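Since this is a predicted model, take the numbers as computed values, not measurements.
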Amino acid sequence: MAVMLKPTQPELDLAHQIMIMVDPQDQRRLDGDAALQVFAGSNLSNSVLGEIWAIADSRNDGFLDRAGVVVMIRLIGWAQQGEHVSKTLADRVGSIAIIEGFSSESNPTMDESLRNNEPTHRSRPDVPAFVPTAPELELASEIMKFADPRDQRALGGAAALQVFAGANLPNSVLGEIWSIADSLNEGVLNVDAVAVMVRLIGWAQQGEVVSERLLEKVGPMANVAGFSSEGNPSVDESSSNDDPEQPRHLDTPSEFVSTPLELQLAQEIMKVADPEYKRVLLGDIAVEILSGSKLSPAVLGNMWSIVDSHNEGFIGLVALTKVLRLIGWAQGGKEVSKALLSKVSPLAVIEGFSS
């Protein structure tokens, strides 16, 4: 069984430093050889590090993702305090690990909230918070449906150029906006990142100089020729009478529209789970955080499979709001199903997060 812990901000920061060094391209995997080299800086014996690795790599994959690295960091911290490492220690916040070559600015035991095992709810000071509005998500979903009609999950550069030519902005400005939205430099955007482009295009169309800071403020709605923020008028009216039993993509506005409270809670979770603002929530970290819903792993796993239908192992902000809606229904006693996404639920209750 995987360790279910709530990472603290210092632990996440240290894990990110380690992942950048050993895996600068992807930042998602730490193999055994690299781990041995890195964690030798903890000055613990190889036998102790081996015990810690066995707990962190609970599936015997031979590598750790970011969540596994956080487990290693927490248990190393305990071992450096003279504690005998065990799986139960991973549930308790201790002193931050000291690893030569890496810095940790704060010790989580010095903060009272962390003694209570509550995650810190803050983003990096140099990164703006972005919570898309319902119209922005609707327009982003409409664009994705046009650009990627089969999967509706990836907008490539060529398709984006075609679509956003309708914004009547210079290519240089669109390029700046793209670089902000494509924060991982992947060459493709998911629906969350398209919503980022939508907001920045709206500001640019008002004459504002494009910058990440504009993401903090809701501005005028983007005007993109061929698309409507009110919905797509070109869609045949008969489509509204589609057989409800026929599957439709979940990101279309008629199927799922996040409420402001759902978006607020999702953003709060992302600040803790995604401190580097990459706009993705990895599966293992999601399990740790969403265990605060007090739902069984089987129920949470069912929700994840509904939302992560392509088995990518991560989700974005929009998909997280879907998970939160399903959690709200499950906490109300409903059996989880895809159909529940179209109905607004009581707001999910996640331990350690306010709503």
Side-chain angles (χ1 to χ4, degrees), residues 9 12-13 16-17 20 24-25 27 105 120-144 147 154-227 229 258 260 263-281 314-321:
Q9 191 68 45
L12 286 169
D13 290 344
H16 182 70
Q17 289 180 51
I20 284 178
Q25 297 303 316
Q27 300 179 28
E105 293 183 358
T120 53
H121 295 226
R122 61 179 179 86
S123 57
R124 296 187 331 179
D126 60 333
V127 172
F130 172 68
V131 180
T133 64
E136 287 170 338
L137 286 176
E138 289 174 14
L139 181 54
S141 297
E142 190 180 336
I143 289 169
M144 293 292 279
L155 177 67
L161 189 62
Q162 178 185 359
V163 167
F164 292 119
N168 293 317
L169 293 173
N171 285 344
S172 59
V173 173
L174 290 175
E176 291 179 54
I177 294 173
W178 175 277
S179 66
I180 293 172
D182 184 19
S183 59
L184 287 173
N185 197 28
E186 293 179 314
V188 295
L189 304 180
N190 61 16
V191 68
D192 304 324
V194 174
V196 169
M197 286 208 66
V198 166
R199 176 166 297 181
L200 293 178
I201 284 172
W203 281 117
Q205 287 174 331
Q206 298 300 309
E208 295 286 343
V209 177
V210 171
S211 74
E212 278 195 344
R213 289 297 168 196
L214 289 176
L215 292 176
E216 296 176 312
K217 303 183 290 184
V218 177
M221 192 63 191
N223 182 7
V224 182
F227 297 91
S229 59
S258 305
L263 283 171
Q264 181 180 339
L265 180 56
Q267 182 68 25
E268 190 177 346
I269 290 171
M270 290 295 274
K271 285 179 183 178
V272 172
D274 181 32
E276 295 303 319
Y277 200 58
K278 302 302 183 187
R279 303 191 186 100
V280 294
L281 175 62
F314 62 87
I315 58 176
L317 181 67
V318 175
L320 178 57
T321 61

| field | Non-neighbouring partners of A160 that pass side chain to side chain contact (heavy atoms under 4.5 Å, CB included), sequence neighbours left out | value | L155, F164, W178

| remark: Minimal heavy-atom distance between L214 and R199, with the atoms involved, is O-CD, 3.9 Å

| field | All side chain to side chain contact (heavy atoms under 4.5 Å, CB included) counterparts of N171, not counting sequence neighbours | value | L161, L174

| remark: E136 and V198 have their tightest heavy-atom pair at CG-CG1, 4.1 Å

| field | Contacts of Q205 that satisfy side chain to side chain contact (heavy atoms under 4.5 Å, CB included) - sequence neighbours left out | value | A167, L169, I201, A222, N223

| field | Straight-line distance of R213 CZ to E208 CD, nearest 0.5 Å | value | 15.0 Å

| request: For the residue pair I180 and L215, establish whether any side-chain heavy-atom pair is separated by less than 4.5 Å. | output: yes

| query | Listed by chain and number, what are the side chain to side chain contact (heavy atoms under 4.5 Å, CB included) partners of S179, not counting sequence neighbours? | reply | none

| note | What one should report as the nearest heavy-atom pair of M144 and V191 is CE-N, 3.8 Å

| task | Could you tell me the separation between the CG atom of D182 and the CG atom of N190, rounded to the nearest 0.5 Å? | result | 9.5 Å

| field | Nearest-0.5 Å distance, CG of residue L189 to CE of residue M197 | value | 6.5 Å

| field | Donor-acceptor contact present, side-chain W203 to main-chain S211, <3.5 Å | value | no

| field | Close side-chain approach of L200 and E212, heavy atoms under 4.5 Å | value | no

